[in-house]
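Written out below as structure tokens is the structure these notes cover.
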Amino acid sequence: MQDEQLIIGGHGFSSRLLTGTGKFAAKSWIPKMLAASESEMITVALRRIDSGGTNENILDFIPDNVVLLPNTSGARTAEEAVRIARIAREAGCGNFIKIEVITDMKYLMPDNYETLRATEILAREGFIVLPYVLPDLTLAKKLEDAGAAAIMPLGAPIGSNRGLETKPLIALLIENCRVPVVVDAGIGRPSQAAEAMEMGADAVLVNTAIATAEDPALMGRAFSLAVQAGRLAYLARMALESPTAQASSPLTGFLN
Amino acid sequence: MVIALRINGQEEQLEKCTIEGLVAVKGLVAASLVVEHNGRIVKQTDWHTVLLRHGDVLELLNFVGGG
């Protein structure tokens with residue numbers, strides 16, 4: 001069976017694994033990871049230059065066929081997120097933007113209210129807006145109405161590798177959203193990515209778990225396969241759970 | 001003539017120059033640099049045309065790794 005493409009903002013993607021550029025021990029891993037994982041969209045961040053830094057350009061490590069998804073990390077208000085988005089677009093990063101507005105530095109929980117405000121503004125300006133949010137169905141519907149191209153609920157706090165702690169709430173989004181649901185943040189293992197896809201998530205975004213693996217390219221491949229397996233399981237409609245055994249061989253006596 | 005600018009939130013004094021001149025003086029790698037001048041992005045091809053003035057606000061940015 002041929003799976004349909006993931007469509008976000010009118011763009012088609014064959015891969016349902018989105019990746020990130022943070023936390024790699026060496027940036028040279030990024031193109032190797034992208035090749036191994038076949039991920040077609042990757043996040044980048046924008047910052048003031050570090051005067052003592054190497055001035056290495058992260059964009060040099062991302063092949064042209066991979067869509068850039070700049071994030072608004074560092075933004076604490078909708079206005080700051082809007083400003084970062086406009087700068088990223090002006091700088092040639094295209095129309096995609098992941099809205100990330102965070103004021104809580106302990107758990108890095110997104111500020112859903114500011115994120116909605118930023119989504120309203122940026123969608124009107126023609127951005128393809130992917131808001132990163134706590135999974136809240138009421139908010140998700142407002143984001144859709146505001147023009148969000150996808151909803152990105154967190155599975156667990158950023159970088160925590162704890163998996164789908166918000167699973168029942170994500171399930172509500174999957175059940176009710178018109179736009180794609182991309183589970184972002186907290187996915188630590190390929191099995192957790194597969195679990196999200198089995199539920200019917202349209203895609204997952206994985207950064208830390210891939211970037212901090214000893215071999216990020218191999219881990220990228222592992223996540224790619226897990227996402228594909230989970231997606232196929234979802235399309236195949238999984239068998240139901242049962243509290244008792246259901247024999248898979250005939251229960252009649254062997255010689256009867 | 002020495003002018004005072006706010007660059008990435010810090011007051012700095014330097015000889016009057018263009019954005020291109022500033023990038024050269026600071027030894028920055030142009031290819032990776034995003035320049036916001038008084039709230040407006042200036043494309044690299046225009047850096048030599050923008051003469052910095054006393055009191056200007058500059059943000060010198062670049063893309064970095066992020067999730």
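Worth saying up front: this structure is predicted, and the values here are computed from it rather than measured.
Interface remark: A:A185 contributes no atoms to any contact with chain B (heavy atom separation under 4.5 Å). Interface remark: B:V64 contributes backbone and side-chain atoms alike to the contact with chain A (heavy atom separation under 4.5 Å). In this structure, chain B has no heavy atom under 4.5 Å from any part of A:K23. Both the backbone and the side chain of A:I87 come within less than 4.5 Å of a heavy atom of chain B.
Side-chain N or O atoms of A:N71 include one that pairs as donor or acceptor with a backbone N or O of B:G67 at under 3.5 Å.
Looking at every heavy atom in both residues, B:E59 comes nearest to A:R83 through CG-NH2, 3.5 Å. In terms of heavy-atom proximity, B:G65 sits nearest to A:A45 at O-CB, 4.0 Å.
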Exercise for review: Decide side-chain contact (heavy atoms from CB on, under 4.5 Å) for A:I49 and B:L33; before the verdict, give the C-alpha distance in whole Å, the side-chain angles of both, and the deciding distance to 0.1 Å.
Suggested key: CA-CA 8 Å; A:I49 56 165; B:L33 196 60; 3.5 Å; yes
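With respect to B:F63, the side chain to side chain contact (heavy atoms under 4.5 Å, CB included) criterion is satisfied by exactly one of A:V44, A:L68, A:I62, A:D60: A:V44.
The number of heavy-atom neighbours closer than 6.0 Å to CZ of A:R47, taken from other residues, nucleotides and ligands shown, is above 12. In the displayed structure, B:E11 atom CD is contacted under 6.0 Å by more than 12 heavy atoms of other residues, nucleotides or ligands.
Of the listed residues (A:I30, A:T43, A:T208, A:N207), the greatest number of heavy-atom pairs within a distance under 4.5 Å of chain B belongs to A:T43. Ranked by non-hydrogen atom pairs under 4.5 Å with chain B, the options A:G92, A:G20, A:G22 are led by A:G22. Interface summary for chain A: among B:K26, B:E36, B:Q44, the most heavy-atom pairs under 4.5 angstrom belong to B:E36.
Two residues are said to be in side-chain contact when any heavy atoms from C-beta on lie closer than 4.5 Å; A:R48 and B:Q10 fail this criterion.
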